[in-house]
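Below is one structure, written out as structure tokens; comments come after it.
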Amino acid sequence: MLGFFTRQGEDFLPTELSVSWWSPNQLSGVPVCGLLALALEQHCPEGFLPARMTVDLYQPVFAAPTRVRTEVVRQGSRIVVADAWIVQDGQDRVRASAVFLRRSEQPPGKVWSPTLDLPVPPEGCLSPDGARPLFKCGAANWTGDFAVAQNAERKASWHSMPPLVAGAATTPFQRAAITADTANQVCHWGSAGAGYINADVTLTLSRLPVGYEIGMKADNTFADAGISVGTAVMYDRSGPLGTCAVTTLSNAKRQIDFAASEDRVLLK
């Protein structure tokens, strides 16, 4: 099964699935986040949860051989912090940090939490090997038609991502990280397409996803003077997992009209 990368020694080689909508020579944030999660996860001790990962997308990652280096910042009994960098031609292109927290019992008492409407499509609607995403816009039904979904309604999306690395199993944390970058799509895809490119992604998790499907639902979007922040809820068929937040810049000169791009591989 084709993945986002193939592996050759220490190098990860991007496939066509990894290419960005913004530029044919660059990688999208989807595989970049997944690759960083793969490297960071090696520092997660048994009994800990990867509770937060932040990716700073400060330089483009090119469609070229890629390596990842990591460093443990703190190794504690209840918290572990690690950093990672995407490296191409010896240069750091993107950095990430992760916080791993030890699981334990819940404290006593009741704490407020919202009642969330998190829609899910019927079982078996997407292949576990990877498939085009589905979208739900406002009160409309789920659709895989990008032209129908290009509107100003509040969006939810449903994903079954292909493997991160061809021939290797994708872990639940990697699956969550791969999906995290799609927060930009559900929060910033409007009636004229996508006009914001994200400068970062922050994924927070209270638990890992169960199964191969992950949903995203736009929570908030606030924009002014070409800068927009968006937050989305990440969930699976069992309920909410955590949140994804993106800080974005206007990229109107490269506005992506998804409705006119149906010939592209629509997994990113």
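Along the sequence shown, residues carry numbers from 1.
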Between [X] and [Y], is there a donor-acceptor pair closer than 3.5 Å when you use the side chain of the first and the backbone of the second?
| X | Y | result |
| --- | --- | --- |
| Gln26 | Ala63 | no |
| Arg132 | Gly144 | yes |
| Thr54 | Ser97 | no |
| Thr15 | Phe4 | yes |
| Asp200 | Thr247 | yes |
| Lys217 | Pro119 | no |
| Gln255 | Ala192 | yes |
| Ser18 | Pro31 | no |
| Asn151 | Glu153 | yes |
| Thr171 | Gln174 | yes |

With sequence neighbours excluded, what pairs up with [X] under the side chain to side chain contact (heavy atoms under 4.5 Å, CB included) test?
| X | result |
| --- | --- |
| Leu126 | Ala131, Leu134, Trp158, Ser160 |
| Glu105 | none |
| Asp236 | Arg207, Pro209, Val210, Ser238, Leu241 |

Take Asn141 and Thr143 through the test side chain to side chain contact (heavy atoms under 4.5 Å, CB included) and record every step on the way to the result. CA-CA 6 Å; Asn141 293 326; Thr143 180; over 6 Å; no
Test of understanding: with salt bridge (Lys or Arg N to Asp or Glu O under 4.0 Å), list the residues that count as partners of Arg237, not counting sequence neighbours. Glu123, Glu213
Using 30° and 60° as the class boundaries, would you call the ring planes of Phe146 and Phe135 parallel, tilted or perpendicular? perpendicular
Is there side-chain contact between [X] and [Y], with heavy atoms separated by less than 4.5 Å?
| X | Y | value |
| --- | --- | --- |
| Cys33 | Ile178 | no |
| Arg175 | Leu164 | no |
| Leu249 | Ile227 | yes |
| Met161 | Pro133 | no |
| Phe62 | Arg93 | yes |

Tell me whether [Y] is reachable from [X] by hopping between hydrophobic residues (I, L, V, M, F, W, Y) whose side-chain heavy atoms are closer than 4.5 Å.
| X | Y | result |
| --- | --- | --- |
| Val94 | Val165 | yes |
| Tyr58 | Val87 | yes |
| Val120 | Leu118 | yes |
| Leu35 | Val61 | yes |
| Tyr235 | Val246 | no |

Interatomic spacing from [atom1] in [X] to [atom2] in [Y] - rounded to 0.5 Å:
| X | Y | atom1 | atom2 | answer |
| --- | --- | --- | --- | --- |
| Leu203 | Thr243 | CG | OG1 | 7.5 Å |
| Glu46 | Arg102 | CD | CZ | 9.5 Å |
| Trp189 | Asn184 | CH2 | CG | 12.0 Å |
| Asn198 | Cys187 | CG | SG | 10.0 Å |
| Ser206 | Leu49 | OG | CG | 7.5 Å |
| Phe48 | Glu41 | CZ | CD | 14.5 Å |

Quick one, Thr202 with Arg52, criterion side chain to side chain contact (heavy atoms under 4.5 Å, CB included). Give me CA distance, side-chain angles, the key distance, then yes/no. CA-CA 7 Å; Thr202 294; Arg52 195 269 295 159; 4.1 Å; yes
Are Met216 and Cys244 close enough, and set up right, to give a side chain to side chain contact (heavy atoms under 4.5 Å, CB included), and what steps lead you there? CA-CA 9 Å; Met216 297 283 284; Cys244 298; 3.6 Å; yes
Counting only heavy atoms not in Asp89 (residues, nucleotides, ligands), do more than 12 fall under 6.0 Å from its CG? no
Exceeds 12 heavy-atom contacts within 6.0 angstrom, atom CD of Gln42: yes
As a quick check of understanding, evaluate side-chain hydrogen bond (donor to acceptor under 3.5 Å, both in side chains) for Ser228 and His188, giving each step before the final call. CA-CA 8 Å; Ser228 182; His188 294 121; 2.7 Å; yes
[X] and [Y]: which non-hydrogen atoms are nearest, and at how many Å?
| X | Y | answer |
| --- | --- | --- |
| Ala98 | Leu40 | CB-CD1, 3.8 Å |
| Leu205 | Phe173 | CD1-CD1, 4.1 Å |
| Thr231 | Ala245 | CG2-CB, 4.0 Å |
| Leu2 | Pro162 | O-CB, 3.8 Å |
| Lys155 | Ala149 | CE-O, 2.9 Å |
| Phe100 | Ala82 | CE1-CB, 4.2 Å |

Go through the structure and list residues passing ring pair (Phe, Tyr, Trp, His ring centres under 6.0 Å) with Phe12, not counting sequence neighbours. none
Check each of Val32, Leu57, Leu27 against Ile86 using the side-chain contact (heavy atoms from CB on, under 4.5 Å) test, and report the only one that passes. Val32
For side chain to side chain contact (heavy atoms under 4.5 Å, CB included), just list the numbers for Ile256 and Trp22, CA-CA rounded to whole Å, side-chain angles, deciding distance to a tenth of an Å, and then say yes or no. CA-CA 7 Å; Ile256 300 171; Trp22 301 105; 3.6 Å; yes
If you look only at pairs with a residue in residues 66-80, which of them pass as a side-chain hydrogen bond (donor to acceptor under 3.5 Å, both in side chains), with sequence neighbours excluded? Glu10-Arg67, Asp11-Arg67, His43-Thr70, Thr66-Gln88, Arg69-Asp92
